[in-house]
Amino acid sequence: MRHGNLFVISGPSGAGKGTLVARLLREIPDAWASMSVTTRKPREGEVDGVHYRFASPEEFQELVDEDGLLEWATYGGNCYGTPRATVEEHIACGDQVILEIDVQGGFQVRDKFPSAHLVFIEPPSLDVLEARLRGRGTETEEAIATRMETARVELSRKMEYDIRLVNDDLDEAADELVRFVNEQAEGSRG
Ligand code: 5GP
């Protein structure tokens, strides 16, 4: 059995983190992805308890007050956070724990778990990113503009991550991500 590890996957909205994490979960049997809590309203097709745990601002604040979140951040006017207990349990039982979170959260995790591995997913270009966001058809023009602005801020911090993967070709990026996670997990084999 491999030792548990913590992986942070960040990158601008539209960079393809979700698709890459789904591939990781399919290809690595001991990988487990944490489910975040958010005050954002569900998008069409999103299900409470599947994509996110959707919470009211009051419920979110309660989690913060009782120290129930490993990290949390505000993104696009909504709060997002990682429940602490389940993550700690899965690391303890030897899983490769995946957090798909923004860069503010990524740095909080590194402060608390210096051994966490931080992976930054880059879009091939800002133009491609904008086209992907628009193609989703789920965001208003205003939300797209905010996400593009946030993307610039996030990209400015990519060098502080342990590795960067450009998601140009999905299969290649997925293979690289799987290889990285397996290498780190093998390295910590006990
Ligand atoms: P979206 O609204 O597109 O689902 O997510 C917006 C951003 O919030 C994405 O960059 C996503 O990775 C990030 N995010 C999702 N869950 C969490 C979380 O628990 N903590 C933090 N810090 N960011 C999160």
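First listed ligand is number 1; within each ligand, the first listed atom is number 1. The model shown is predicted, which means the values in this text are computed figures rather than measured ones.
- Partners of Y80 by ring-ring contact (aromatic ring centres under 6.0 Å, His included), not counting sequence neighbours, listed by chain and number: Y52.
- Around the CZ atom of R53, the shell of radius 6.0 Å holds no more than 12 heavy atoms that belong to other residues, nucleotides or ligands.
- Within 4.0 Å of ligand 1, heavy atoms belong to protein residues K17, S36, R40, R43, Y52, E71, A73, Y75, Y80, G81, T82, E100, I101, D102, G105, R147.
- With salt bridges taken as basic N to acidic carboxylate O contacts below 4.0 Å, none links R84 and E66.
- Annotation: F54 is not in aromatic contact with F60 [ring centroid separation under 6.0 Å not met].
- Salt bridge D102/R157: absent, no basic N to carboxylate O contact under 4.0 Å.
- Q96 places a side-chain N or O within 3.5 Å of a backbone atom of H3 that can act as its donor or acceptor partner.
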